[in-house]
There are 2 protein chains.
Amino acid sequence: MATLKDVAALAKVHPSTVSRVLRSVENVPITEETRKRVIAAAKSLDYQPDQRARALRLGKSNTIGLIIPDISNPFFAEIAKSIEQESYDSGYTLVVCASNEDQEKEIDFVHNLISRGIDGLIIAPVQDSYEHLVDLKKRNYPFVLVDRCFDEFETNAVVSDNEAAAFEAMEYLKDLGHKRIGFLSGRSTIYTIRKRRQGYQKAVDLFGLDKDDALVSAGGFTFEEGYSETLKMLSLAHPPTALLIAGNRITFGALKAFVEKGLTIPDDISIIGFTDSIV
Amino acid sequence: MATLKDVAALAKVHPSTVSRVLRSVENVPITEETRKRVIAAAKSLDYQPDQRARALRLGKSNTIGLIIPDISNPFFAEIAKSIEQESYDSGYTLVVCASNEDQEKEIDFVHNLISRGIDGLIIAPVQDSYEHLVDLKKRNYPFVLVDRCFDEFETNAVVSDNEAAAFEAMEYLKDLGHKRIGFLSGRSTIYTIRKRRQGYQKAVDLFGLDKDDALVSAGGFTFEEGYSETLKMLSLAHPPTALLIAGNRITFGALKAFVEKGLTIPDDISIIGFTDSIV
DNA sequence: CTTTCCAATACAATCGATTGCAGCAAATAT
DNA sequence: ATATTTGCTGCAATCGATTGTATTGGAAAG
């Protein structure tokens with residue numbers, strides 16, 4: 001890799017001059033002839049400024065970090081894609097890290113990314129703890145949460161109104177005539193899940209629907225868990241006639257259970273799932 | 001952020017001593033008392049070495065870059081996830097970039113990542129051109145291709161035997177009694193697609209199956225294209241009785257077409273798709 | 001012919017961490 | 001008592017780019 005020094009040597013000027021020519025800004029006057037010589041030299045050496053050196057000197061890296069719990073989940077992958085596109089268009093490079101729903105790893109990534117001189121951070125937190133985020137806030141480090149935030153800790157965040165969404169979905173199912181609606185949950189420590197469940201409960205109460213703990217599953221986000229929890233619910237003495245499902249993978253698991261039980265949608269059972277994804 | 005200097009000041013030693021204590025390696029002896037003082041100072045300041053400074057000095061960043069065409073495609077997301085996990089376990093940070101099947105962007109990323117002092121590069125190339133990769137190879141820059149490689153240009157690469165896979169799939173369909181098998185392709189400039197098509201053709205020839213250009217679609221990788229190409233093929237005078245499908249999203253598009261046409265698998269039509277993904 | 005001034009470029013410090021070498025003290029050898 | 005070794009730590013250069021502050025050369029002014 002050619003450095004400023006190499007270009008300077010070739011153009012027979014001082015490195016600082018090369019820098020000034022190449023950044024071109026500033027009100028420092030440069031002879032047209034020098035400028036041409038420098039540009040030619042830079043081109044002939046295929047000079048690319050060393051970003052880590054720039055970042056070190058400037059205290060700015062034009063890079064932002066994104067930490068998501070699971071890159072292989074289309075929901076987060078889609079988020080990553082959008083952020084990446086927007087970053088790229090704004091001249092930023094995005095560093096995507098996958099915490100894999102592991103709190104330790106997330107904390108690791110936060111430290112690691114900061115020490116790399118990242119300009120800002122976007123996090124979909126694991127939500128097993130948040131001291132590291134409190135710390136970020138205290139240090140005035142720019143970061144934004146996405147998809148998940150904390151009730152007890154105020155931050156900038158981009159989230160959906162999960163409670164209202166769940167409530168609306170329930171209302172729709174109620175209007176279809178359903179009285180006994182199951183709720184397939186995900187990890188209940190997570191913001192989105194808690195809110196969706198609140199919406200579900202609110203609807204159950206308000207609409208006078210069947211209130212039964214057996215109609216609310218616990219569990220995680222996986223396909224397998226969705227499958228087994230659905231089977232469990234379908235084999236109840238009074239199975240639900242509709243399901244509200246709090247995650248895309250869980251939904252696919254439920255579908256598998258339906259197929260296995262020979263149930264058809266919407267004839268035998270109705271479902272509404274969160275986080276739609278075709279593929 | 002605390003720097004080496006800050007820690008040194010607090011511990012009343014020279015920065016170099018702090019560095020030596022913290023790296024601990026080297027055969028330089030350090031008094032136990034000094035060591036303790038330094039470690040205490042580092043802890044109390046929550047010192048984290050600046051990775052960009054280290055990278056600059058050491059010429060090594062412990063970071064590798066991954067460029068994939070589409071992060072929202074579960075196939076690539078899954079690849080990214082595995083590589084990320086493996087990198088993390090080996091003490092490397094992975095930078096994931098999405099070229100979005102845009103050759104210019106890929107080239108941009110290659111330059112950008114290199115100038116960031118990335119230690120190595122993993123690329124699933126767009127395959128519209130490869131001069132930039134030739135350049136990398138010439139400069140002896142460590143990189144590996146994944147999923148896609150070039151017939152005309154030798155590199156390290158991790159790829160599947162797409163031709164054999166397509167052939168095997170065709171053999172299976174033939175054994176089921178199918179004589180008229182369609183091939184839903186993706187962008188034909190791409191390695192995987194070309195190979196799969198070769199396997200398809202080889203099977204058609206070898207098994208004496210129906211040879212008909214109308215049975216081979218062109219097109220891209222999208223859900224929509226899969227849908228429309230399938231509809232087109234189903235409305236042929238002699239529609240295929242089975243389909244070999246070269247991509248996961250295309251497959252989902254085909255499924256939509258089947259549903260719409262009221263076709264059931266495997267009663268009305270058989271399919272085998274590449275790149276399985278549940279969700 | 002000297003002084004002043006300005007345009008154009010060079011110098012040097014800086015960002016933070018690392019490392020070969022120098023230096024200083026105490027301990028051992030002569 | 002002096003010379004030599006050894007153990008520990010400080011000094012300073014370095015990585016590559018940036019930028020405030022010289023410095024240079026030549027032209028204009030006196």
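Protein chains get the first letters and strands the later ones, always in sequence-line order, with residue 1 at the start of each. Note that the structure is a prediction, hence the values are computed from the model and not measured.
Here the shortest heavy-atom pairing between A:Ala11 and A:Ala41 reads CB-CB, 3.9 Å.
The phosphate of C:dT9 (OP1 or OP2) has a side-chain N or O of A:Thr34 nearer than 4.0 angstrom. Distances shorter than 4.0 Å separate some side-chain N or O of B:Thr17 from OP1 or OP2 on D:dG10. Side-chain N/O atoms of A:Tyr47 include one lying less than 4.0 angstrom from OP1 or OP2 on D:dA17.
Separating the CE atom of A:Met1 from the C1' atom of D:dC15 is a distance of 14 Å, rounded to the nearest angstrom. The nearest whole Å value for the distance from the CD atom in A:Gln51 to the P atom in D:dC15 is 19 Å. B:Gln48 places its CD atom 11 Å from the P atom of C:dA17, with the value rounded to the nearest Å. Computed from coordinates, the B:Lys60 NZ to C:dT19 P distance equals 13 Å when rounded to whole Å. Taking atom CG of B:Asp50 as the reference point, atom P of C:dC15 lies 12 Å away to the nearest angstrom. In this structure, the CG atom of B:Leu58 is 10 Å from the C1' atom of C:dT19, given to the nearest Å. The separation between B:Leu45 atom CG and C:dA17 atom P is 12 Å, rounded to whole Å. One can place CG of A:Leu4 at 15 Å from C1' of C:dT14, the figure rounded to the nearest angstrom.
Interatomic distance, CG of B:Leu4 versus OH of B:Tyr47, reported as 3.5 Å (0.5 Å rounding).
At least one donor-acceptor pair under 3.5 Å links the side chain of B:Ser82 to the backbone N or O of B:Glu78. A donor-acceptor distance shorter than 3.5 angstrom exists from the side chain of A:Asn162 to the backbone of A:Ser160, with no hydrogens or angles considered. Without hydrogens or angle criteria, B:Glu225 side chain to B:Gly220 main chain gives a donor-acceptor distance under 3.5 Å.
Comparing B:Leu56 and B:Glu33 along DNA chain D, the residue whose closest nucleotide (by nearest heavy atom) sits nearer the 5' end is B:Glu33.
Comparing C:dC15, D:dC8, D:dG16 by their nearest atom to the side chain of B:Lys5 picks out C:dC15. Here the nucleotide nearest the side chain of A:Thr3, chosen from C:dG16, C:dA17, D:dA17, is D:dA17. Closest to the B:Arg54 side chain, of the nucleotides C:dA8, C:dA17, C:dG16, is C:dA17.
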Checklist line | Pair B:Lys195-B:Asp161, salt bridge (charged side-chain N to carboxylate O under 4.0 Å, His left out): steps then yes or no | finding: CA-CA 8 Å; B:Lys195 292 297 176 188; B:Asp161 189 342; over 6 Å; no

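A donor-acceptor contact under 3.5 angstrom links the side-chain atoms of B:Arg20 to the base of D:dG10.
Applying a 4.0 Å cut-off to non-hydrogen atoms, the residues of residues 6-16 of chain A that approach DNA chain C are A:Lys12, A:Val13, A:His14, A:Ser16, listed by residue number.
Using a 30° and 60° split on the angle between ring planes, B:Tyr130 and B:Phe150 fall in the tilted class, from 30° to 60°.
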